[in-house]
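Structure first, then comments.
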Amino acid sequence: MRKWLIIGCVFFSIVLCSTYFIRMQQPQPVIQYFPLDDSAAFTETSTSMKKVDFRRIHWRLTSALDTEAYLRQDIGLLYENGKLVGVMNKWLHPASRLTQEKTHTLQPNKQLDAVSFHFAELHKNQITSSFKLSGVRSYTSDTYELFSFPKNEKEMHSRQLAKTNTSRTLQQVWTDAKQQLSIPAGQYTEIPLTALPTTDLTAIPGLTEDKKRQEIISRLWEGLYRNYILPIGPAVEKGTVATYIPLLLFDKSGKHLRVLYQDETGQHRELLQYY
């Protein structure tokens, strides 16, 4: 009896270990920094908004890598007058191309900002990664027209109204965050997350070297994904939280980065990244 008990325990242990090993080998939809792969590059990255009827648009993310990756993942954030109104997060294994879209209902005289992080995890002799950013800004008129650049005085007025309201809201949110977290704003270069795809970061201390800059941005999105995007996604879908564009604070001495954001309860939080 004792012999069969021992054999049974050993067999059960082997089954548990095997199950654990198999689970550990499965791809996980987690943005994680790995050394950048110079042999892989994105041939297409796009964030777009297209009107489908009077008051609705399709918000769309598309990306393609020039080789098949072990894991492909795209994350998209959509803000309306600075407030987060949509999150997209899709992954495939293995894959090179990803496409996803959502429908968003328009409101008049609004500023729409969308930013996306396109990511690939590659398994060769070692685990490496590749990423690229994309983004777009559009406006709506009082008659629900969608435009990037105003074509007439009516649209110019709508854009100015949207920009003014967005700026006023964000400045209040960011000022409150800096006060609550006791942050000396004068020591930092401030960049909204949505401006990251189009901002020249080479003049910022600590980010002049391309490889180092890419690592900092990749680690930034790793932190945002774990602490901001994953927890807040369900709350945004349910409409139970008001949260706004995170503010990136790059230390002027080139030592660290602080990220100010609001969690799923609306509380001000920060991420601190040394480099």
State plainly whether the residues E215 and R219 are in salt-bridge range, i.e. N to O under 4.0 Å.
yes
Short side-chain donor-acceptor distance under 3.5 Å, S158 and S141:
no
Whether the side chain of T243 engages the backbone of Q262 through a donor-acceptor N/O pair (distance < 3.5 Å, no angle test) should be reported.
yes
With a 3.5 Å distance limit and no angle check, can you tell me whether K163 reaches the backbone of T166 through a side-chain donor-acceptor pair?
no
To the nearest 0.5 angstrom, please state how far the CG atom of L220 sits from the OH atom of Y225.
15.0 Å
So, are K238 and E264 salt-bridged, with charged N and O less than 4.0 Å apart?
no
Would you say D66's side chain and F42's backbone share a donor-acceptor pair under 3.5 angstrom?
no
Evaluate whether atom NZ of K90 has more than 12 neighbouring non-hydrogen atoms of other residues, nucleotides or ligands under 6.0 angstrom away.
yes
Looking at the rings of H268 and Y244, which for Trp means the six-membered one, are their centres under 6.0 Å apart?
no
Can you measure from CG (L260) to CG (L193) and round to the nearest 0.5 angstrom?
11.5 Å
From CD (Q273) to NE2 (H256), nearest 0.5 Å
10.5 Å
Check ion pair K178-E190 (N to O, under 4.0 angstrom):
yes
Interatomic distance, Y188 atom OH to L247 atom CG [nearest 0.5 angstrom]:
11.5 Å
Under a 3.5 Å threshold, yes or no: a donor from one side chain and an acceptor from the other, between T194 and D113?
no
Does the E80 side chain pair with the main chain of K110, one donor and one acceptor, at a distance under 3.5 Å?
no
